[in-house]
There are 2 protein chains.
Amino acid sequence: MSGVSLKDIAKACGMSVATVSKALNGRDDISPATRELVRHTAQQMDYLPNSAARMLKTRRSYTIGVLLEDAAGSGLTHEYFSRVLQGFKNEAEMLGYDITFLRNVNRKMGFLENCLYRGLDGAVVVNKDFDDPEVRKLLNETSFPCVTIDYVCNTRTSIESDNVKGMHTLTSYVCSEGHSRIAYIHGEGEAEVTKRRVAAFYTALEENDISIPDEYLVEGKYLHSKDAAACTKRLMELPKPPTCIMYPDDMTAFGGIEYLRSVGIRVPEDVSVTGYDGSEFSQRLLPPLTTYWQNAEKMGQEAAKELITSIEHPKTSYLKRITIEGALWKGDTVRKIETN
Amino acid sequence: MSGVSLKDIAKACGMSVATVSKALNGRDDISPATRELVRHTAQQMDYLPNSAARMLKTRRSYTIGVLLEDAAGSGLTHEYFSRVLQGFKNEAEMLGYDITFLRNVNRKMGFLENCLYRGLDGAVVVNKDFDDPEVRKLLNETSFPCVTIDYVCNTRTSIESDNVKGMHTLTSYVCSEGHSRIAYIHGEGEAEVTKRRVAAFYTALEENDISIPDEYLVEGKYLHSKDAAACTKRLMELPKPPTCIMYPDDMTAFGGIEYLRSVGIRVPEDVSVTGYDGSEFSQRLLPPLTTYWQNAEKMGQEAAKELITSIEHPKTSYLKRITIEGALWKGDTVRKIETN
DNA sequence: AATATTGTCTTAAACGATTTCGATCTTCTG
DNA sequence: CAGAAGATCGAAATCGTTTAAGACAATATT
């Protein structure tokens, strides 16, 4: 235990606690001489401030909560989320904030209550389950500083990747390689992200004068390779199966490729495949996956910047919708089809 | 701001703050009637305790610090570490503790100071850089509750995977497939983990009456695929190159495979390869990687259990060295060699 | 020279909880 | 019925810090 408090320093220096506090905090009503004396003895005595006391008085914790997990309890282990978190953490720490996780088990206390109880200065929500009533409460019913990632919310600043441009770019690329029987397994749920990608998908098709049967658009689960395998099976058993299948993320693309190869269908010779995310491992596959890379680190970084700005300058900050650009990774899982 | 404190409840109920506090904390010198009254009004008034005040008085934060990052600023994004963290987080939250990261940038305050300043109850250290003076200070110079992962430290309980058994099993498997020209790229540094694996490697060779030239044992960087490629190159340019290369982890194995294939060497037909870790993506490769799976989630989980036990029962807890078992994943990157 | 200003430091209250010790009242014991 | 024991509650100190307001002396102003 450090055990040495302002009082001890005050005693050692023969002055009042207030003076010591102000000296250490660099207030200007302290003479340079005593300020130096105080600082020196504080160092000598291995003084450490007590954040709890400081927090109690100032109502600032310099700590930000992260709401990350999905219901399954994973989340951290998904490369995309961990990259977002990484970017967020680095930036927040750079700006002088600690980060902590919001509890999601033993829910006696909701997320909002957890934030208030712990005196957090703000929170970032990066979670697929934005329908959770607790998450909604956190986002809507209060003025607690929050930013969201991958979710557009009309009460909070949000950071998202360029889903429209991304999906449009990726789809256009597939078209330009000569495909016209293109299937898209889009992620589940009512999320705006999903809707935008689907819209961009159709837009790109229209621009290339391509129309696809309704059966080519199927709903699958994000990041769930087995579900992706099942969707792939259904698609390939259609009377006229697609020549290219686009998946909602790299993980599901892997699942699809695994299934295809298990039934003797070659990728990309027989069927082409695209992913989404630009995960590190997608490029270690043979052949490397055609995918759209999301700049997850930067998304986390921007989220931290925006959140902290809104915490420190609440008056001059306003709701923003920030889009972070990604990039097409051509890879090699989309083969060129000669148009005949 | 919640804004309602014990004082407000006391006023509303017409009793003292002390009684309210004790009623809410379930002390036994409060009559059931008033306890119910207090609880009810507390709920009515949306009362939330203030953790800072509570912390200041009780000197308990119910928060654990995680020291994870390596110098490069990554760590979170490595599947192995994120799995450890995941296991730790889930278990700690189940036991009623929050977790937060220990700051590693802007180091005005060391890790230990950071823990004391923030009133953390304990810390877990999962970091390759155990030579960092700050880390050493945290582990050695104090009685602050800590556990380490993947690092044996004679002052702290440590959790490690069964490196000896793991490397022994993996090497034995390679031998049993008929290989005798086996190279091993071991991770860098003086870490005990590395030493144990090297020892187990040699032990397994001896048991199979195999001796290898010294050039077959090279030092490479953990998790660094480019460095692995360079090491692989050197190995393959030896007069008598190995028939199997064992890498320190899956990531480096990928790097090695990439290099080999880029120069037209087939895996496993020409050269066999093994990894270490059992990452999810190692099984998505074609062919799936031969590797030794480490039960990272369980390591994190056990670390949390041990740490919290030592926090809550300091008297009856003692230093332990806990080993978590993994398992051989045979995969398909080691080919059988007919012995002639 | 009287007053106003400035610079430096202290007093004291406050943040919101916990906890020791004692006070009061009721009930039990012999 | 006197005293002991038990049940229930409150007063007050305390944790370590910040900060508004005031005190005091030295200096500047007129």
Side-chain angles (χ1 to χ4, degrees), chain A residues 1-39 41-42 45-63 109 113-121, chain B residues 1-39 41-42 45-63 109 113-121:
Chain A
M1 228 30 73
S2 165
V4 32
S5 68
L6 288 188
K7 203 196 289 184
D8 303 312
I9 300 178
K11 201 174 295 175
C13 293
M15 50 184 74
S16 79
V17 184
T19 307
V20 175
S21 170
K22 286 190 283 191
L24 290 174
N25 288 350
R27 294 307 186 87
D28 56 0
D29 62 340
I30 298 294
S31 79
T34 62
R35 194 176 55 218
E36 276 318 303
L37 173 62
V38 167
R39 293 211 165 142
T41 44
M45 300 176 71
D46 282 331
Y47 168 74
L48 271 182
N50 181 313
S51 79
R54 185 175 275 178
M55 214 171 127
L56 179 60
K57 192 66 186 147
T58 64
R59 308 190 158 272
R60 294 276 274 117
S61 63
Y62 289 94
T63 303
M109 212 180 268
E113 287 80 7
N114 200 241
C115 289
L116 297 175
Y117 166 61
R118 298 215 269 156
L120 304 182
D121 293 335
Chain B
M1 229 29 74
S2 165
V4 32
S5 69
L6 287 189
K7 204 196 289 184
D8 302 313
I9 300 179
K11 201 174 295 174
C13 292
M15 49 184 75
S16 80
V17 186
T19 306
V20 175
S21 170
K22 287 189 282 192
L24 290 174
N25 288 349
R27 293 310 184 86
D28 57 0
D29 62 341
I30 298 294
S31 79
T34 63
R35 193 177 55 218
E36 274 320 302
L37 172 61
V38 167
R39 293 212 165 142
T41 43
M45 298 175 73
D46 282 330
Y47 168 73
L48 272 182
N50 181 314
S51 80
R54 184 175 275 177
M55 218 171 124
L56 179 61
K57 190 68 185 141
T58 64
R59 308 190 157 271
R60 293 277 274 116
S61 63
Y62 289 93
T63 304
M109 212 181 269
E113 287 79 8
N114 199 240
C115 290
L116 296 176
Y117 166 62
R118 299 215 269 156
L120 304 182
D121 294 336

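Chain naming here is simple, since letters A, B, ... match the order of the sequence lines and numbering starts at 1 in each. Predicted model only: the values in this text are computed from it and were never measured.
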- Residue pair B:A18/A:A18 against DNA chain C: nearer the 5' end by closest nucleotide is A:A18

Over how many whole Å does the gap from [X] atom [atom1] to [N] atom [atom2] extend?
| X | N | atom1 | atom2 | answer |
| --- | --- | --- | --- | --- |
| B:K57 | C:dA17 | NZ | P | 14 Å |
| B:R118 | D:dG16 | CZ | C1' | 18 Å |
| A:K7 | D:dT14 | NZ | P | 7 Å |
| B:K11 | C:dG16 | NZ | C1' | 14 Å |
| A:D8 | D:dT17 | CG | C1' | 13 Å |
| B:E36 | D:dC9 | CD | P | 13 Å |

Can a side chain N or O of [X] be found less than 4.0 Å away from OP1 or OP2 on [N]?
| X | N | value |
| --- | --- | --- |
| B:R59 | D:dC15 | no |
| B:Y47 | C:dA17 | yes |
| A:S16 | C:dT11 | no |

- Message: Can you tell me whether the side chain of A:K22 and the base of C:dT10 have a donor-acceptor pair closer than 3.5 Å?
- Response: yes

- Query: Where the side chain of A:M15 is concerned, which of D:dG10, C:dT10, D:dT17 is the nearest nucleotide?
  - Reply: C:dT10

- Of the candidate nucleotides D:dT18, C:dT18, D:dC9, which contains the atom at the shortest distance from the side chain of B:T19? D:dC9

- Query: Is there a residue in residues 24-35 of chain B whose heavy atoms reach under 4.0 Å of DNA chain C, and which residues are they?
  - Reply: B:N25, B:R27

A side-chain contact here means heavy atoms from C-beta on lying under 4.5 Å apart; do [X] and [Y] qualify?
| X | Y | value |
| --- | --- | --- |
| B:Y47 | B:T41 | no |
| B:V38 | B:I30 | no |
| B:T63 | B:M55 | no |
| A:Y117 | B:R54 | yes |

- Distance from A:K57 atom NZ to B:L56 atom CG, nearest 0.5 Å?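 Here the interatomic distance stands at 12.5 Å.
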
For a quick check of understanding: with a heavy-atom distance under 4.0 Å over all strands, which category does [X] fall into, base, sugar-phosphate or nothing?
| X | result |
| --- | --- |
| A:M55 | nothing |
| B:S21 | base |
| B:T58 | sugar-phosphate |

- Provide the full list of side chain to side chain donor-acceptor pair (under 3.5 Å) pairs with a residue in residues 13-25 of chain B, sequence neighbours left out, each pair given once. B:S16-B:T19, B:K22-B:D29

